Amino acid sequence: MPVADLIDGRAIAAQLEDELAWRIAALKTRGVQPGLAFVRVGEDEASRVYVGRKEKTCDRLGIFSKTHVLSGETSQAELLALLARLNSDPRLHGILVQTPIPPQIHPGLVAETVLPEKDVDGFHPVNVGKLLLGDLSGFASCTPAGICELLVRSGVKIPGAEVVVLGRGNLVGKPMAAMLCQKGRHANATVTICHSATRDIKAHCRRADILIAAIGVAEFVKADMVKPGAVVVDVGVNRIHDPAAKGGSRLVGDVDFARVRAVAGKLTPNPGGVGPMTIAMLMGNTVRAAELAVGIPYS
Ligand code: GUN
């Protein structure tokens, strides 16, 4: 039985980190250390883990970071006031407000309040608009940008490919589709977005040369939804009940990994696929924000 090659996100993220090291060293010769602020609101366990990983990567690379942890009862005004202070702090080149945020705070207002030039998450409407326009001077959202990098560095041919993106979220689905259908050497794909109202999702998926699962449903993609030899990218992180697992639950992706592996040509593992790439792209955006702040032009 054929078995898909695994796309090693950890190894590719490590390559990207190596490439960033010399840019960070070049900034140091100018007396500049890239700086990134993290903001967490409330005690979401997954967010605590994710921000912890991002802090560790900053430490490893020599990026200054500072984390602000606010209570789950924080008002919108309090959070916006903190963001205004971070916007004007010259040590900080990037600001990231980890999602999810509590319901009393409007996520759109948060995205608009972070200055576009410090929006290393790529969530500000100016950066989202630039992405859609194909203007590379903005910051691209880290998870979809990381997936593009994974595909390119794994030798996957994107131009002309039929891509199906499962999910239309603002974090992954929509920016992912925008990136892949753009005119460009590593884009130029024919993209279909499927969502909860799509008729016959399976038929769409079976046409895909590249299938990107960002739908947030545990093990949604089954083997019979995948064209033999297709590239499958699993973005999902879902906690499922499992009495046999430690603590009674375990994490699974949006792809039925074991069965899809027998059909796909290439497949991202989960963990170890998309996650490390999101962090590497965040580091890349932060270094670029620092470079732009000292007048090093876009490269
Ligand atoms: N929550 C899950 N992924 C992300 C991300 O890339 N950025 C932010 N801000 N929150 C997230």
Side-chain angles (χ1 to χ4, degrees), residues 9 13 16 36-58 63 65-70 72 74 76 79-80 82-83 86-87 92-103 105-116 118-128 131 138-150 165 167-176 178-179 212-217 233-239 251 253-254 268 270-286 288-289:
L16 286 165
L36 176 55
F38 299 108
V39 181
R40 269 206 293 122
V41 191
E43 276 311 321
D44 179 69
E45 178 55 21
S47 292
R48 200 180 57 72
V49 172
Y50 292 148
V51 171
R53 285 186 192 150
K54 292 169 187 174
E55 288 168 335
K56 269 204 189 116
T57 312
C58 283
I63 293 175
S65 78
K66 182 159 171 47
T67 300
H68 299 260
V69 181
L70 309 181
T74 300
Q76 181 168 285
L79 176 60
L80 298 189
L82 169 64
L83 294 178
L86 301 177
N87 275 338
L92 298 172
H93 304 96
I95 300 167
L96 179 146
V97 181
Q98 185 71 22
T99 62
I101 50 176
I105 299 171
H106 191 288
L109 261 182
V110 172
E112 283 172 28
T113 302
V114 174
L115 286 173
K118 292 195 176 189
D119 169 39
V120 289
D121 240 345
F123 292 173
H124 191 286
V126 165
N127 286 321
V128 177
L131 170 65
F139 290 111
S141 181
C142 299
T143 299
I147 292 169
C148 286
E149 205 63 51
L150 265 188
V165 179
R168 58 178 155 186
N170 289 332
L171 237 75
V172 184
K174 278 192 256 179
M176 184 82 260
M179 280 176 204
I212 298 173
I215 202 163
V217 178
V233 176
D234 188 358
V235 186
V237 182
N238 311 287
R239 185 162 287 285
L251 292 175
D254 286 357
T268 61
N270 196 345
V274 173
M277 292 301 292
T278 298
I279 299 178
M281 301 315 283
L282 174 69
M283 299 298 128
N285 279 350
T286 304
R288 188 149 82 84

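Bear in mind that the values here come from a model prediction, so they are computed numbers and not experimental data. Each ligand, and each atom within it, is numbered from 1 in the order the structure gives.
- Around ligand 1, the residues contributing at least one heavy atom under 4.0 Å from the ligand are L96, V97, Q98, T99, D121, F123, L171, T278.
- Applying the side-chain hydrogen bond (donor to acceptor under 3.5 Å, both in side chains) test to S47 and every residue at least two apart in sequence or in another chain returns D44.
- Within the 3.5 Å criterion, the main-chain N or O of I215 finds a donor-acceptor partner in the side chain of D254.
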Compile the donor-acceptor pairs under 3.5 Å between side chains in residues 92-99 and protein atoms, sequence neighbours left out, one pair per line.
| from | atom 1 | to | atom 2 | distance (Å) |
| --- | --- | --- | --- | --- |
| H93 | ND1 | G35 | N | 3.0 |
| Q98 | OE1 | K54 | NZ | 2.8 |

In residues 142-149, what donor-acceptor pairs under 3.5 Å come from side-chain atoms, sequence neighbours left out?
| from | atom 1 | to | atom 2 | distance (Å) |
| --- | --- | --- | --- | --- |
| T143 | OG1 | T278 | OG1 | 2.9 |
| E149 | OE2 | R153 | NE | 2.7 |
| E149 | OE2 | R153 | NH2 | 3.3 |

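- Shortest non-hydrogen contact noted between K118 and N87 is NZ-O, 2.9 Å.
- Minimum interatomic distance between N127 and F139 (heavy atoms only, all atoms of both residues): OD1-N, 3.1 Å.
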